Amino acid sequence: MIKDIANLTVIQTGPGTKIRDLGRGGFTQFGVPLSGPGDLEAFLWNNHLLKNSPGDAQLEIQQPGLKLQFEQACQICISGASSTIKLNGKNIACTGVIEIQEGDLLEIGKFLRGSLIYLGIRGGFQTQEILGSRSQLNGITDAASITKGAKIPFFTNLSNPVKTTFSHPKWDNSYLEKEEIRVYSGPEWYLLDPNAQKMLLSRVFHISSMKNTMAIQLEELIPNQISDILTAPVFPGTIQLTSGGKLLVLQQDAQVTGGYPRVLQIDEKDLRVIAQKAPGQKICFQLVSEV
Amino acid sequence: MVELTPSVFQIGPQYTEINWSEPVSDSLLIKRLSLEKSLLKDLGNEIDDLRVAYQSIVVKWKNQFPKDQFQKLIKITSAQTATLSDTVWKIPVCYGGQFGKDLLNLASEKKMSEEEIVQLHSQANYRIFFYGFLPGFMYLSGLDPILSTPRKSIPDRSIPSGSVAIGGDQTGVYPLESPGGWHIIGRSPIPFFTPSSTPPVWGKAGDLIQFTPISESEYERLRRNPKLPEQL
């Protein structure tokens, strides 16, 4: 089988474009963040359609204005947030496998719904692998994100291309509109007074502008009488309550331990719902009774 | 003496926290390491991720919580199968001056000389409890209570990697450049986190470390030829 390496060139990008795979699961014991995809299902969908391995590396795109030029032919897939996508200046649909020819120019414009887009490629991107993962992170990989002018290697001439058909496979986008987030009580939930508990579960929260891949800070405050705890394990989806009453929803690049009370934990299936929200959008929490 | 069993808290279907409500000590660490060991040995195939801190272990299960096996394991693991290692790592530190910009302030706050602070800090053995906060950041026990100092109210925007610091009743080394609210008393020229190595750190939970004062010229020499710390 011939596998030649070709590059795509990043002609333009907004901040926060990163290479992502399933992350550094085996290394969290050394204090290394997980750094998986914020929207795991969208990520896995691309690799499934491209007949890749589930963990093949993709691009995670957080801002409009991405422009890429492909040096060689390849097959790509785009999932997650919906957006306007242009291939060589013409609008295209973003469902299913997209055939790319040598020299093609791909543009991702305005985000219509959602805030994370995944761009997968047949065979996966072949960037630097550190501690079992290509996910970019400050302090771990040489580059913390993809910047203008970057060249990203991929395989061309793969001998078994995916057959593209006219029927577009089904992908349910309705989670991008969802506002209810299913949660479980965290270890420090029972230290909260009943009013604070009630407030957390009944009021609407807004995503603040303090949103990144480490944490999402919510706009509204919750009165907090619990003091900080002795440093304890945390995970993506852990909701911490700071001494100032701020709620921090931990994301994929969060620390593995923390000293703020862990009041709630988001259900694994709803991590993507909050990760896809943009600053200003609403959410509310729904406590799932213990099994 | 009554053996206190840890409490178990289920965080939804996928996470289980095991918590010991007792003060941080070597005997607590032995209990935690023993349980970690038997969890990985007997239920390793069920575990997606396991994270630890001072008093707790949180397991993320791959699929369903294996309730029966888990409860059996918790009961029999009052047996302490782990022992603390006798490895002592020697960490060279250049205290004060340009590398420890908060040492002078700390000394005057404590009504002590810089030398006295350095002596107290470098004469103790510190135990590695776990890694957290930053990749390769060691949570250590063993700081002399005299050196305990509240964190800064306004954190520094950038603390250089290798900085040795005191925050609350803890001391630690920043393995990477980072913002932080601890008081910087010195800097070590050796690597604490090497992303290209597996594992990326040299110490493990249970090991001891000792800080050894070095001069600025020794710091420069070691910085040019970085190597792993020596073992006593």
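Quick note on labels: first sequence line is chain A, next is B, and so on, each numbered from 1. Model, not experiment: these values are computed from the prediction. For the numbers below, each heavy atom of this structure counts, side chains included, while hydrogens, waters and symmetry mates do not.
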Item checked: Qualifying residue for side-chain contact (heavy atoms from CB on, under 4.5 Å) with A:L131, from B:P200, B:P199, B:S196 -> B:P200
Note to self: Working note: A:F235 + B:I11, criterion side-chain contact (heavy atoms from CB on, under 4.5 Å); need CA distance, chi angles, decisive distance, verdict.
What the structure shows: CA-CA 11 Å; A:F235 289 82; B:I11 312 166; over 6 Å; no
Margin query: Please report the interatomic distance CD1(A:I130) to OG(B:S197), rounded to the nearest 0.5 Å.
Written below: 9.5 Å
Item checked: Pairwise distance CG(A:L34) to NZ(B:K60) - rounded to 0.5 angstrom -> 7.0 Å
Checklist line | Heavy-atom pair with the smallest gap, counting every atom of A:S185 and B:F9 | finding: O-CE2, 3.5 Å
Notebook entry, point to check: Looking only at atom types and distance, does a side-chain atom of A:T257 sit under 3.5 Å from a main-chain N or O of B:F133, one as donor and one as acceptor?
Noted result: yes
Next item on the list: Tell me, please, which residues at least two apart from A:N7 pass side chain to side chain contact (heavy atoms under 4.5 Å, CB included).
Entry: A:E71, A:K151, A:P153
Checklist line | More than 12 heavy atoms from other groups under 6.0 Å of NZ on A:K246 | finding: no
Notebook entry, point to check: Between A:P187, A:G139, A:G186, which has the largest tally of heavy atom pairs under 4.5 Å with chain B?
Noted result: A:P187
Check: Quick one: does A:T238's side chain get under 4.5 Å of B:Y15's, heavy atoms only?
Finding: no
Next item on the list: Give a yes or no on this: more than 12 heavy atoms of other residues, nucleotides or ligands lie within 6.0 Å of atom NZ of B:K62.
Entry: yes
Notebook entry, point to check: So what's closer than 4.5 Å to chain A heavy atoms on B:F193: side chain, backbone, both or neither?
Noted result: side chain
Item checked: Portion of B:F130 that has a non-hydrogen atom of chain A nearer than 4.5 angstrom -> side chain
Next item on the list: Counting only heavy atoms closer than 4.5 Å, note whether B:L176 contacts chain A via side chain, backbone, both or neither.
Entry: side chain
Next item on the list: Count the heavy atoms of every other residue, nucleotide or ligand shown that sit under 6.0 Å from NZ of B:K152, and state whether that count exceeds 12.
Entry: yes
Next item on the list: Provide the closest heavy-atom pair for B:Y131 versus A:F30 in the form atom of the first, atom of the second, distance.
Entry: CB-C, 3.4 Å
Check: Among residues 259-274 of chain A, which ones touch chain B with a heavy-atom distance under 4.5 Å?
Finding: A:R262, A:Q265, A:E268
Notebook entry, point to check: Out of A:Q255, A:Q29, A:E129, which one racks up the most heavy-atom pairs below 4.5 Å with chain B?
Noted result: A:Q255
Next item on the list: Output the distance between atom CD1 (A:I229) and atom CD (B:Q55), rounded to the nearest 0.5 Å.
Entry: 9.0 Å
Checklist line | Residues in ring pair (Phe, Tyr, Trp, His ring centres under 6.0 Å) contact with A:F285, at least two apart in sequence or another chain | finding: A:F205
Note to self: I need the contact set between residues 135-148 of chain B and chain A: heavy-atom distance under 4.5 Å, sorted by residue number.
What the structure shows: B:P135, B:G136, B:Y139
Checklist line | Member of B:L50, B:V52, B:D49 meeting the side-chain contact (heavy atoms from CB on, under 4.5 Å) criterion with A:T28 | finding: B:D49
Checklist line | Part of A:V183 lying under 4.5 Å from any heavy atom of chain B | finding: neither
Item checked: Pick from A:G132, A:G31, A:A232, A:A254 with the largest number of heavy-atom pairs that fall under 4.5 Å of chain B -> A:G31
Check: Minimum heavy-atom separation for A:P233 to B:R51, with atom names?
Finding: CG-O, 3.4 Å
